[in-house]
Amino acid sequence: MFGWAGRFLGAAADRIWPRVCAVETCSRPSDRPGRYVCSECFAGLPFHGADGCCRICGTTIASKVHHEFVCEVCAKTPPPYEFARSAAVYDAPVDQLVNDFKFRRAVWLANDLADLLEGAVRAKLDFSAIDVIVPVPLSRERFRERGYNQSALLARALGLRLGRRVDERSFHRIRDTEHQSRLSGEERAKNLDGAFKTIDTRYIRGRTVLLVDDVMTSGNTFSFCAKALLEGGAARVWCASVARRLREG
Ligand SMILES: [Zn+2]
Ligand SMILES: [Zn+2]
């Protein structure tokens, strides 16, 4: 009933307080309806893996590759998940947008970041086979501290767009492992082992689960989550992140 009034008021508000693009270095108004990143910035984001990537973990190599390959890491130790893909490289301005969203309460960026995630899932995975979407969970302590789980906000937006169930209840982080930046890579991996658990298998057993996170770094979090989901009966686990930190070297 108030649709026209809402649109009118929305348009009027945009004229009085034009929404400026969320990218720090841009001062253009955001011209994409309901979004905060302008179309020019969005088109210029550093998209990931357009030139071919590892068939399993999605990693790219610094060379022009147009064929499928399996990277050295996956060949040596195949990860428990079947595929992992990312939308963008964790580089400017994606790092700023993700950090605003995750640490500075800019939850209104959920739809902009879900645009990226949705594009990657549709283009890089057979999304019709996905049964359920599960966000990487936060520990209770971290959730209380932050007030929201950024990955759950992304999973919800993606679920609406793909028409899939989003399950935020069946899969938990049972140990707080998030304050571990001082640990070495190996210690960090050890710390993550056993940190996740499928506590309700009803919507997980026999399903193709899409695990969603904001940033993928080493892939350890995805691996340990996938392991716990498979232990909970998942048929297969696929992973998708908005951004990916490229391996050093
Ligand atoms: Zn912009
Ligand atoms: Zn790989």
Side-chain angles (χ1 to χ4, degrees), residues 48-49 53-61 68-87 90 117 120-121 124-139 149 151-152 154-155 158-159 162 164-178 180 183-247:
H48 178 257
C53 62
C54 168
R55 190 171 56 76
I56 299 171
C57 73
T59 199
T60 48
I61 53 175
E68 261 199 356
F69 66 94
V70 172
C71 78
E72 218 182 288
V73 178
C74 292
K76 208 171 135 204
T77 319
Y81 57 75
E82 203 169 29
F83 308 116
R85 296 292 183 270
S86 306
Y90 188 75
L117 197 59
V121 170
K124 301 177 185 183
L125 295 169
D126 175 16
F127 72 92
S128 63
I130 295 165
D131 296 311
V132 61
I133 301 175
V134 171
V136 168
L138 289 184
S139 66
N149 175 358
S151 300
L154 294 169
L158 188 65
L162 300 181
R164 291 298 184 280
R165 170 189 289 277
V166 177
D167 188 346
E168 297 178 43
R169 292 172 176 222
S170 305
F171 188 61
H172 285 201
R173 193 186 289 246
I174 52 174
R175 205 170 67 224
D176 184 14
T177 53
E178 290 129 327
Q180 53 173 15
L183 302 180
S184 73
E186 208 175 309
E187 286 171 327
R188 233 182 269 196
K190 221 181 265 170
N191 202 24
L192 278 170
D193 199 4
F196 301 97
K197 192 172 171 49
T198 307
I199 55 157
D200 184 346
T201 61
R202 234 177 321 168
Y203 300 117
I204 303 296
R205 184 164 295 283
R207 311 293 163 95
T208 296
V209 177
L210 179 72
L211 195 55
V212 164
D213 207 358
D214 51 348
V215 181
M216 174 177 176
T217 303
S218 61
N220 275 335
T221 303
F222 275 153
S223 286
F224 285 109
C225 283
K227 190 173 157 228
L229 284 162
L230 292 168
E231 282 164 5
R236 59 191 66 78
V237 179
W238 296 352
C239 309
S241 73
V242 169
R244 176 177 305 228
R245 280 197 179 93
L246 298 185
R247 284 188 191 134

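Quantities reported herein were computed from a predicted structural model and do not represent experimental measurements.
Inspection of the Asp213 and Ser151 side chains reveals an N or O donor paired with an N or O acceptor under 3.5 Å. For the residue pair Asn220/Ser223, the side-chain donor-acceptor check at 3.5 Å is not satisfied.
Arg173 is linked by a salt bridge (Lys or Arg N to Asp or Glu O under 4.0 Å) to Glu178, counting only residues two or more places apart in sequence or in another chain. Residues satisfying the ring pair (Phe, Tyr, Trp, His ring centres under 6.0 Å) criterion with Phe83, sequence neighbours excluded, are Trp238. Partners of Arg164 according to the salt bridge (Lys or Arg N to Asp or Glu O under 4.0 Å) rule, which considers only residues two or more places apart in sequence or in another chain, do not exist here. For Arg202, the salt bridge (Lys or Arg N to Asp or Glu O under 4.0 Å) partners at least two apart in sequence or on another chain are Asp200. Take Glu72 and apply the salt bridge (Lys or Arg N to Asp or Glu O under 4.0 Å) test, not counting sequence neighbours, and it matches no residue.
Interatomic distance, CG of Leu158 versus CG of Leu117, reported as 5.0 Å (0.5 Å rounding). Here the straight-line distance linking atom CZ of Arg169 with atom CD1 of Ile199 works out to 10.0 Å at 0.5 Å rounding. Note that CG of Leu230 and OH of Tyr81 are 12.5 Å apart. Values are rounded to the nearest 0.5 Å. The distance from atom CE of Met216 to atom CZ of Arg85, rounded to the nearest 0.5 Å, is 9.5 Å. Rounding to the nearest 0.5 Å places CG of Asp131 at 8.0 Å from CZ of Arg236. Between Cys71 atom SG and Arg55 atom CZ the span is 10.5 Å, to the nearest 0.5 Å.
Heavy-atom minimum distance, Glu168 versus Pro135: CG-CG, 4.0 Å. Of all heavy-atom pairs spanning Leu125 and Cys239, the tightest one is CD1-O, 4.4 Å. Ile204 approaches Leu229 most closely through the heavy-atom pair CG2-O, 3.9 Å. Asp176 and Ser139 get closest at one heavy-atom pair: OD1-OG, 3.2 Å. The nearest pair of heavy atoms linking Ala226 to Leu211 is N-CD2, 4.1 Å. The two residues Cys53 and Gly58 have their closest heavy-atom pair at CB-O, 3.2 Å.
Judged by distance alone, the side chain of Lys197 and the main-chain N or O of Ile174 form no donor-acceptor pair under 3.5 Å. Asn149 places a side-chain N or O within 3.5 Å of a backbone atom of Val136 that can act as its donor or acceptor partner. The backbone N or O of Ala228 lies less than 3.5 Å from a partner atom in the side chain of Thr198, making a donor-acceptor pair.
Under a cutoff of 6.0 Å and an axis angle of 45°, Arg165 and Tyr203 form a cation-pi pair. Geometric assessment of Arg244 against the ring of Tyr90 yields a negative cation-pi assignment under the 6.0 Å and 45° thresholds.
Between Arg175 and Leu192 the shortest side-chain heavy-atom distance does not fall below 4.5 Å. Pro79 is not listed as a side-chain neighbour of Phe222, based on a closest heavy-atom distance of 4.5 Å or more.
Sorted by first then second residue, the salt bridge (Lys or Arg N to Asp or Glu O under 4.0 Å) pairs that include residues 214-230, not counting sequence neighbours, are Lys102-Asp214, Asp193-Lys227.
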As a quick check of understanding, evaluate side-chain contact (heavy atoms from CB on, under 4.5 Å) for Val121 and Leu210, giving each step before the final call. CA-CA 9 Å; Val121 170; Leu210 179 72; 4.1 Å; yes
Stepwise side-chain contact (heavy atoms from CB on, under 4.5 Å) check, Thr208 with Glu82: CA-CA 10 Å; Thr208 296; Glu82 203 169 29; over 6 Å; no
